[in-house]
> 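Shown below is the structure under consideration.
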Amino acid sequence: METPLSDDQRMIRDSVAGYLRDRYDDAERRRIIDSEAGWSAPHWQAFAGELGLLGAGFAEAAGGLGGGAAEHALILEEFGSALVVEPYLSTAVIAGGFLKASTAAAAPQLIADAIAGTAIFAYAAGEPNARSNPAHVETRAECRGANYVIDGQKAVVLGAVGATHLIVVARTSGGDRDPEGISLFVVDANSPGITRRDYRTISGGPASDITFTGVTVPASALLVPEGTALPLIERVVDEATALLCAEANGVMRRLHGDTLAYTSQREQFGKPLASFQVLQHRMVDMLVAMEHSQSITARAIELLDADPAERARAVSAAKVYVGKSLRYIGQQAIQLHGGMGMTDELAVGFFFKRAIEIERQFGSVEYHLTRYTRLANAPAAIAA
Amino acid sequence: MTSIDYNAFRDEVRDFLATSYPASKRELNQRQAGMFAEPELGQWWQRTLHARGWGAPSWPVEYGGTGWDAVQKHIFMSECTAANTPSFAVQGLAMVAPVVMKFGTQAQKDFFLPGILSGELYFCQGFSEPGSGSDLASLRTSAVREGDDYLVNGSKIWTTHAHFANWIFLLVRTSTEGKPQQGITFLLAPMSTPGISVRPIISISGEHELNQTFYDNARIPIANRIGDENKGWDVAKYLLEFERGGAYAPSAQGMLEAAKKIAAQQPGDDCATLWDDPQFQRKTAELEIDMLAQAATEHRVMTALAGGNNPGDIVASMLKLSGTALQQAASELCVEALGDYALADQRQSLHLSSNIPPIGPDYAARPVAKFLNLRACTIYGGSSEVQHNIVARAAMGLK
């Protein structure tokens, strides 16, 4: 089903889709993940310059295109359908979201550099001793005179390899799971005291475990006043989660499309696999899950500006539904490809593995189901 | 009739595992996520079991079996699962050996069975072809008689461990007359046969376990044929019964226990560990109940077999349908327990010769690759869709 778009939106989508079709096909993507760096600077420059995508979510006054989450969603859905590994989500959506809300003096320049493609961001939030609760932060930032000193560990940071800056969540006061006392810093990725163990994710993109040992940053690195960051983190991560669902919709579109194409061409028992009713029904169920995922994602994106409880509930609902759909569509895509689905010779395995990753990023089905249940049954929600 | 002291037997198995399966080997096995252990470890384990006289518990005593009853076999398997021993080399022990016992000549029995038992002969399976998967009977690799040999030409795919094996069992076409099933013959061939070559296939887990094999005028002696010419389909059907007849519950339960252990070491969102999360416990309990049902049915089948009744291939299909789904669900729970470390590609630490530490905690090395590899278990040996058809037709008479 087509979703109605404005002329500007259709232009963005078509230009991204055209670029990816012509210049970022499965073979090119494989070349990128097989390269030493694991991502492509030339493509990033094309996203910034030729396509002008990196300003999509920033105000025109700041040098952007004046769009918002709806434009990010169009871009990310196309990126999902090509498994783009470059760090759009962490730079344009997450860092972009923080910088737009930031009181730091450096924020306007960082926004300009992000739009130009010269500042690239990774989001260093997750920790080895935490799961998905955003208030669980053990990395510490201690105020010493005009500086802060950061110590701690961050786990599975996506895109840190090519990043110029890290957005670091660190605790300036309080206990490990205290909602108060959480701060946000923008840190030069090459600061002394930062060590990385770089590796790849199962779908091939770059990731790192990062250790901060006495990393000293000036007080001006604080993106919002000390200790007050959690509400902003929750808002920006909700937006990123909804947009990750948009990426997921692109992934599912390819999983379904590739499965339909393969079963239509592969013959067993003297006829195409797709002519067997049991497989037809399976692919119909996949299609239905995909369409509902599109709808519940669009709904969550529309509610991003609602009050925090309603926003969070809509985003968790989308992540639960999309997570379950990713699991179903991904697993069935492999099953219906038979032995060929078990190899890395076809693209479908990479889409399946990206589906597994997205299912977990920013919290699994279980996490968001618990969060949704809590929000849906809160006294205020029941009264309303 | 003397009764067996099962408690004493269990102690005997535990003592053996404690002394013969040292920590160094256990650690190596933590780096194994494939369908089968790498032979360096897997065949070491087979030799170790063989030295104790336990190389083939499911074989008849006359060929080197243990003579255990169904309960003893179950105890042995459960203890091995609990100790996380290397996976067994089922392609020789559980697939080709039963076929040799039933259809082989005395000379074939004398040559192959002791070699399989000792681990000296390591088999791989050549059934599927690029054009013949679920529709196996359409296979086209041809064998034409020339003197005392068959000249074999064609290709086989999904040949697990072909790059390690020294023998292969093959289905080949010796006739194109009549129904496709009627022109198939079962052959055994050394992998060193001139004209046989191997191409690696990398799995979605990033591992090299699968291969495509090619046959270019490969000469295979007629003496290596199992059963009559053009009767290979019956041999293959018998073999697949053994492939499917196995026990699924023990390995699923093993993975469920692994998931619990991971959860006990992983942080929770609102509680100290994930295991403290009532939702996770509830999910585990639900899966455990499904496994109890599977294990109970497997036990019923074992009892029927022990009593001399053959429950038939319908039961084998039913067990495979539910058993493979449970294995996949249990491996998925291990992945879920890992949290964000499920994203990390661990392939560099996942082979015996690797000294690269896993990304994240040690227990993060295996689950995702295992989960990815296990997606194949509802595909190979007759996909779940094919099993549904078999049960519908054979058990309910539906067409």
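Throughout, protein chains are lettered first and strands after them, A, B, ... in sequence-line order, and every chain is numbered starting at 1.
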> Kindly indicate, with the supporting measurements, whether the criterion side chain to side chain contact (heavy atoms under 4.5 Å, CB included) is fulfilled by B/D269 and A/T370.
CA-CA 10 Å; B/D269 279 316; A/T370 303; over 6 Å; no

> For A/Q331 and B/E332, does a side-chain donor sit closer than 3.5 Å to a side-chain acceptor?
yes

> For side chain to side chain contact (heavy atoms under 4.5 Å, CB included), just list the numbers for B/L274 and A/R131, CA-CA rounded to whole Å, side-chain angles, deciding distance to a tenth of an Å, and then say yes or no.
CA-CA 9 Å; B/L274 180 59; A/R131 199 164 170 88; 3.7 Å; yes

> Could you measure the distance from the CG atom of B/L136 to the CD atom of A/Q268? Nearest 0.5 Å is fine.
9.0 Å

> Using a 4.5 Å heavy-atom cutoff, which residues in residues 356-364 of chain B come close to chain A?
B/I356, B/P357, B/P358, B/I359, B/G360

> Which atom names give the shortest non-hydrogen contact between B/I379 and A/I334, and what distance separates them?
CD1-O, 3.9 Å

> Against chain B, label A/L273 side chain, backbone, both or neither, depending on which of its atoms sit under 4.5 Å from a heavy atom there.
neither

> Check whether the side chains of A/Y367 and B/D277 place a donor and an acceptor atom closer than 3.5 Å, and report yes or no.
no

> Drop me the distance from B/E385's CD to A/F276's CZ, to the nearest 0.5 angstrom.
11.0 Å

> Distance from B/S132 atom OG to A/E267 atom CD, nearest 0.5 Å?
12.0 Å

> Would you check if there is a donor-acceptor pair between the side chains of A/Q335 and B/T378 at a distance under 3.5 Å?
yes

> How long is the straight-line distance from CD1 of B/I204 back to CG of A/L346, given to the nearest 0.5 Å?
10.5 Å

> Please round to the nearest 0.5 Å and tell me the distance separating atom CD of B/E336 and atom CD of A/E366.
4.5 Å

> With only heavy atoms counted, which part of B/S128 is less than 4.5 Å from chain A, the side chain, the backbone, both or neither?
neither

> Is B/F371 in contact with chain A via its backbone, its side chain, both, or neither, using a 4.5 Å heavy-atom distance?
side chain

